[in-house]
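Values in this document were obtained by computation on a predicted structure and should not be read as measured data. In listed order, ligands and their atoms are each counted from 1.
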Amino acid sequence: MRVEDFILKNYNSGIESGSVKWESPSNIALVKYWGKKENQIPENPSISFTLSNCKTITELTFTKKQNKEFSFDVYFEGDKNEAFKPKIQTFFERIEAYIPFLRDYHFKIETSNTFPHSSGIASSASGMSALSLCLMSIERLLSEEKVSNEVFNQKASFLARLGSGSACRSIEGELVIWGENESFPDSSDLYGVKYAGDIHPNFKNYQDTILLVDKGEKQVSSTVGHKLMYGHPFAKQRFTQAHDNLGKLKTILASGNLDEFIKIVESEALTLHAMMMTSMPYFILMKPNTLQIINKIWAYREKTNSKICFTLDAGANVHVLYPEVEKENILEFINNELVSYCENGHYICDQIGFGANQIEI
Ligand code: DP6
């Protein structure tokens with residue numbers, strides 16, 4: 001698909017009003033997206049596990065209006081929210097070429113998350129994907145041509161990317177690739193594609209327990225963060241490394257080799273943070289407790305031969321990844337040895353999921 005193919009051409013704007021609702025999950029990258037070009041095009045390919053429990057639920061109500069200005073209200077967890085509006089305004093401006101009916105309707109956006117707002121968990125992936133899916137459902141209602149599920153998901157991912165890059169990986173599950181890579185001929189810079197390679201049973205229901213080390217606002221927004229890769233002295237090598245790691249993961253996901261999986265995933269997390277430490281300006285987003293947890297995980301792995309590992313986003317929280325067969329033992333380890341490093345002892349249990357769902361209303 002090319003960019004032009006995503007422009008909706010024929011639609012029936014005679015429909016006066018309606019409501020649609022979607023729930024869409026967060027995702028956790030194994031190979032990280034860090035660095036982007038114009039128009040939300042990634043500098044390197046990434047791959048993520050779609051999550052199951054950490055979700056945004058969004059209802060979008062549309063009502064025909066006369067003027068041609070963008071018009072929308074946002075309600076977050078029941079209350080009118082002005083703080084989210086600028087990001088949504090920017091999103092609408094970026095997508096209006098593809099969704100021409102955006103100016104025909106007033107939109108009421110009612111949204112909530114299944115995870116606490118102040119948990120340090122970014123809601124942009126789940127939030128932007130849920131909103132994009134709602135817009136696609138409206139497109140389907142207005143469209144004069146039949147929209148297949150494949151085109152629906154592809155365009156939802158395309159739109160979500162324009163809201164927040166990683167959001168394009170939240171439409172489907174269990175693994176999604178975004179960004180062109182030679183090992184995956186169907187991969188695209190424009191949208192995420194469901195991982196179509198073999199996935200070994202070792203990865204079935206893979207667990208992600210998110211240790212909330214720091215529930216505060218992010219110290220570096222992702223927009224600022226990605227810009228740090230412009231002119232970064234190690235950028236070129238990093239982008240090449242992401243391509244290589246994705247190619248290696250293809251073999252690992254098929255063979256179920258968890259030792260090799262751990263090497264790639266942990267190295268990717270540390271490289272992401274290394275990029276931040278070596279940019280100008282430079283940042284340390286890990287906290288002392290992040291390092292304590294990493295060292296405890298390594299010691300536990302050494303001692304028990306467990307296949308536990310960690311990954312990080314652009315923050316201090318730690319995602320603890322492990323096979324489902326180890327769930328009981330690892331939750332015991334987390335409760336005994338890691339909980340004390342979490343803010344107020346909080347953590348969230350999640351696992352690999354299958355993507356977004358429409359909710360009947
Ligand atoms: C570190 O998708 O939040 O989580 O495109 O500016 O919205 P924007 O960035 P965003 O960046 C996520 C970066 C990351 C790694 C990843 O999810 O791949």
Tyr33, any N or O under 3.5 Å of ligand 1 N or O
yes
Is Ser166 in polar range of ligand 1, meaning some N or O pair under 3.5 Å apart?
yes
Between OG of Ser187 and CG of Leu246, what distance do you get to the nearest 0.5 Å?
7.5 Å
Distance col, row Ser157:OG vs Leu133:CG, nearest 0.5 angstrom, shows 9.0 Å
Assess the side chains of His319 and Asp350: does a donor N or O sit below 3.5 Å from an acceptor N or O?
no
What residue and atom, counting heavy atoms only, is the protein's closest point to [atom], and at what distance?
atom: atom 11 (O) of ligand 1; result: His226 NE2, 3.0 Å
atom: atom 17 (O) of ligand 1; result: Arg169 NH2, 2.8 Å
atom: atom 4 (O) of ligand 1; result: Asp313 OD1, 3.3 Å
atom: atom 3 (O) of ligand 1; result: Ser222 OG, 3.1 Å
atom: atom 6 (O) of ligand 1; result: Lys36 NZ, 2.7 Å
atom: atom 7 (O) of ligand 1; result: Ser164 OG, 2.7 Å

What atoms of ligand 1 come closer than 4.0 angstrom to any heavy atom of Ala29?
16 (C), 17 (O), 18 (O)
Ligand 1 to Gly165, heavy atom cutoff 4.0 Å, flagged ligand atoms 2 (O), 5 (O), 7 (O), 8 (P)
Neighbour count above 12 (heavy atom, 6.0 Å) for Leu291 CG
yes
Correct closest heavy-atom pair for Ile359 and Trp22 would be CD1-C, 4.2 Å
With Tyr98, which of Phe158, Tyr11, Tyr191 fulfils ring-ring contact (aromatic ring centres under 6.0 Å, His included)?
Phe158
Taking the six-membered ring of Tyr322 (Phe, Tyr or Trp), confirm whether the NZ or CZ of Lys327 is under 6.0 Å from its centre and within 45° of its axis.
no
